[in-house]
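As structure tokens, the structure follows; a few thoughts come after it.
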Amino acid sequence: MTDTAILDNPLRAGLRLGRAPEPCTMVIFGATGDLTSRKLVPALYNLAREHRLPAGFSVVGFARRDWSDDYFRQELLDGINANSRSGAADPALWESFAQGISYHRSDFTNPEGYASLAERLNQIDEQRGTGGNRVFYLATPPDSYHDIIQNLGTHGLNHAPGNGWTRIIVEKPFGHDLESARALNQQLLSVFSEDQIYRIDHYLGKETVQNILVFRFGNGIFEPIWSRRYVDHVQITVAESIGVEDRGGYYDHSGATRDMIQNHLMQLLSLVAMEPPVAYDANAVRDEKVKVMRAIQPIAPEQLDNCTVRGQYTAGSVAGKPVQGYHSEKGVTPDSHTETYVALKLAIESWRWAGVPFYLRTGKCLPRRVSEIAVQFKAAPLMLFANGPTSDIEANALSIKIQPDEGITLKFNSKVPGQASQIRPVTMDFRYGTSFGVASPEAYERLLLDCLVGDGTLFTRRDEVETSWALLTPLLQAWQAGQGQPPQPYEAGTWGPHAADELLARDGRAWRRL
Amino acid sequence: MTLTSPNPVDIAAIERELTQLWKEAAEPGTTNHAVTRALTLNLVAVAPDSFSANRMTEVVMGLTRTHPNRTILVTANPAGPESRMEAWVQANCQLVAPGAPQVCGEQVSIEASGASVAQVPSLVLSLLVPELPVVLWWPGHSPFESPLFQRAQSLVDRVIVDSADFAHPERDLRRMAELNQSSTYVMSDLNWARLTLWRELVAQFFDSRGLLPHLFRLDKVVIDYERDPRQPANRAQALLLAGWLASRLGWTPLDNSVSLEGDLVRIHMRRPAPTVGPQAMRLVTIELHPAPVVEDSMDSLAAVRLSATDGVQASFVVERTDDPACARTKADLAGMTPIARIVRATQREETDLLATELRLLSRDRTFDETLRMAGVFARGM
């Protein structure tokens, strides 16, 4: 963001609120959808409430339904009242914020809709001082991306008039395999340049995820032991307690690998395993993330059953509530082979990580909603203490909890007070809630603000997406072709199929009990 | 929640009493929650009187959430008839989340009067937790001439005052500016922390590429400050805001720059005029206007209006609305639709202001430059 006015504004020096974007207009495609009223607009409202958005900031909702400006605003207000972390909207603030909100009715395929959008944006520039700065947010199902991107290009909306900037935010899923991801990238890049494109993965907006880099590279004591010399293995878990809910039709074509591993878990893995970046800026950080992803050894077809386990939930109960099996969910084909659980054992071929397995697991209808990264260290080489356990003394583990209780825990062994030398593991805990006493902003607030100030560090770059797909696509194709064990049934409300435990037991290890 | 020692404790044994207090707190049945003792700094708080001491204890309790600390709260009355010194210890605990352990800091309250006041600095010194920063918080009238302050200042890393409470704002602001240049400690003013929102809102006008050039054309600034006719005027906050604008924008005061007409203050300055020439200068006037006092407003400012009148007319206004929890901003440029909006402008609790200052680890250079300029203005008043 070297060319923005912010840097030249002498009043910005030493201001405590930090980064502030230039006035701009955000155009939300698919503005009548759930994401807009549940996440995007509550996030924007909270940013405005905390004085992070400039006067003149404007929102244009672009969608097919026959809504008026007033109806659109009312829908958004209802969305804020129901979903904002700051509670119901303040009437005076909302009224002022809503003055910048308007609705633009058009089909995504209709060129006239884009021509009139361009006019509308020019008007807003004049009336609200937004200086030609635009953000396009694709909050539509992915099958509309093509038309929207094409039309934005055709109508010259990919470059702002005057000195303004134009950015585009793309929601996941970012393709469904390597080929489709490449095609989408190519299309985007035929209209926009890479530094205009912000591929959003809301996991990267979470406070603990951002803290991984600060924890690793802002402290002197962890990085020296962050390698094969001291680390036995790493476990990454993203467990959901919900089933497919009303997304059965979509999910049945996607599955846990596409829905979770390709984006969220691969992002977590790359942040934990990457080398120190040369700078904390968007491209330096992403260079290292890509590098480590490239070092992951692809899983060969004959290794499928040694390194992967798929599962599918059957009827059971989660947290005391009965849950139907995956095959009975609406929109799911009764003989579906889509995995609702997947566990992978990955090897990173680098000097730092050779020989250290990374175990990834994610699934639906697991007992609890929990996401964590655990770095399991090697055990002490020798048991000195006569009364301690002789062989199974617990190794140290560092766990980074991403949700729901954000924090970091280090487990180590300690003597139990008393005459005997009894040893028991204890933990050192850091929790966000207790250490800082301030609420963390919602992931979308952080990410939207980042995009508005032009900071792409927490967004996914083209090569990250493609590298991740390049690794997983052969796996998906092999499964598709019937290779490897089919998805194993697991009862809803349990920690996945038995075979997943076997995956670690073969290596003499076990999943953490979460 | 507080756990307090019921009686004054032996001055020589305060540390022992604190240890005892924690031991009792850890015994089962004392509280419903586990307690975690956490200390991140030494806060030496000096209360002007016992009424303020109670209020300050409340503030410290709130601070435990974000900055659990050892507070040494001193209430000194050097004019008291008898020479006396007493101390109490207590734990200040905050339940951060249901089911989580309570986070606790600790507090030693010292009351001294008469000749014993002279012993307070040495007692405070003996009570500081080693290897933790020492912050002196001195609300109320300015501390700079107090013998206690002069003895204490060699112990501290940061001094936090509140110029909104100064009895002689111009004199004290001047003194604060002098001390800030020569001291080894960092000076903070809660009145400056209250300006953060005003500064942010003013700065936001010029984040826009189209409006930024007008920032360098400003020739008049009017700041409306609350003036309570029943009390002497306190223009400290207005002077800080003026000092901030002048120091950020490279404005320099003319000789005899300050003139007063009753409550109205005029400051005459020179600003660079880069579009005219590298050496070119233009005049700027800053005026401080009195305004009625509003209950529950966030601070003592009512409005700031920046304008450029030479050539294209431009004005930028931040002002309080009838609702004291809201402010209005308006940018008005000749030939353009004015851009106005309402923003939240709620009063910030003292705990919050203090916590913000404590979060800063180093000197706030912007404040240093602002204070130097405000000191120059105050000298002319």
Side-chain angles (χ1 to χ4, degrees), chain A residues 3-24 48-58 86 90-97 99-100 123-133 162-165 405 429 431-438 453, chain B residues 36 38 63-68 94 96-97 100-103 193 196-197 199-212 215-216 244-245 247-250 321 323 325-326 328-331 333 336-345 355-356 359-360 364-370:
Chain A
D3 61 345
T4 61
I6 310 281
L7 289 183
D8 307 325
N9 179 353
L11 302 183
R12 275 275 147 223
L15 259 179
R16 294 173 179 187
L17 284 185
R19 312 164 310 153
E22 287 178 70
C24 59
R49 186 176 178 272
E50 289 172 11
H51 315 106
R52 302 293 179 123
L53 295 183
F57 175 81
S58 307
S86 61
D90 178 305
L93 282 189
W94 166 253
E95 197 182 319
S96 175
F97 185 66
Q99 279 173 8
Q123 267 172 13
I124 293 175
D125 285 341
E126 271 177 31
Q127 288 166 359
R128 297 186 54 83
T130 40
N133 301 322
N163 291 322
W165 42 256
D405 294 320
D429 277 315
R431 286 185 188 201
Y432 263 83
T434 51
S435 293
F436 294 111
V438 287
V453 299
Chain B
T36 307
L63 205 58
T64 303
R65 246 182 116 80
T66 52
H67 295 84
Q94 288 276 314
V96 184
Q102 296 193 91
V103 177
T196 303
L197 182 60
R199 290 161 57 211
E200 176 65 35
L201 294 175
V202 170
Q204 279 186 5
F205 288 124
F206 306 102
D207 287 338
S208 153
R209 218 181 295 256
L211 297 182
L212 180 62
L215 177 61
F216 307 106
W244 171 65
L245 284 168
S247 61
R248 295 318 321 150
L249 297 173
T321 62
D323 177 351
C326 286
R328 180 186 300 109
T329 77
K330 189 173 172 194
L333 191 63
M336 294 236 321
T337 321
I339 302 163
R341 64 159 168 177
I342 301 289
V343 296
R344 199 166 59 109
T356 316
R359 214 168 290 142
L360 294 178
D364 177 350
R365 281 170 197 272
T366 311
F367 174 64
D368 290 350
E369 288 163 22
T370 298

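Lettering of chains follows the sequences in order, A, B, ..., and the numbering in each one begins at 1.
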Where on [X] is there a heavy atom nearer than 4.5 Å to chain B: the side chain, the backbone, both, or neither?
X: A:Q127; result: both
X: A:E95; result: neither
X: A:R128; result: backbone

#### Entry: Best-contacting candidate, A:G100, A:G131, A:A92, against chain B by heavy atom pairs under 4.5 angstrom
A:A92
Heavy atoms, side chains only, cut-off 4.5 Å: are [X] and [Y] in contact?
X: B:L245; Y: A:L11; result: yes
X: A:P10; Y: B:L249; result: yes
X: A:L15; Y: B:T366; result: no
X: A:P21; Y: B:D207; result: no
X: B:Q204; Y: A:R12; result: yes

### Query
Is B:E200 salt-bridged to A:R52, cutoff N-O under 4.0 Å?
no
Is it the side chain or the backbone of [X] that comes within 4.5 Å of chain A heavy atoms, both, or neither?
X: B:I342; answer: both
X: B:R344; answer: both
X: B:F205; answer: neither
X: B:T337; answer: both
X: B:A340; answer: backbone

## Note on the structure
In terms of heavy-atom pairs under 4.5 Å with chain A, the winner among B:L215, B:L333, B:L211 is B:L215
### Query
Looking at B:R248, B:K330, B:H67, B:R365, which one has more heavy-atom pairs under 4.5 Å with chain A than the rest?
B:R248
### Message
As a quick check of understanding, evaluate side chain to side chain contact (heavy atoms under 4.5 Å, CB included) for B:R341 and A:Q99, giving each step before the final call.
### Response
CA-CA 9 Å; B:R341 64 159 168 177; A:Q99 279 173 8; over 6 Å; no
### Summary
In short, B:I339 meets A:G56 closest at the heavy-atom pair CG2-N, 3.9 Å
### Task
Check whether any side-chain N or O of B:R199 sits under 3.5 Å from a backbone N or O of A:G14 as a donor-acceptor pair, and report yes or no.
yes
### Message
Would you compute the distance between atom OG1 of B:T196 and atom NE2 of A:H51 and round it to the nearest 0.5 angstrom?
### Response
11.0 Å
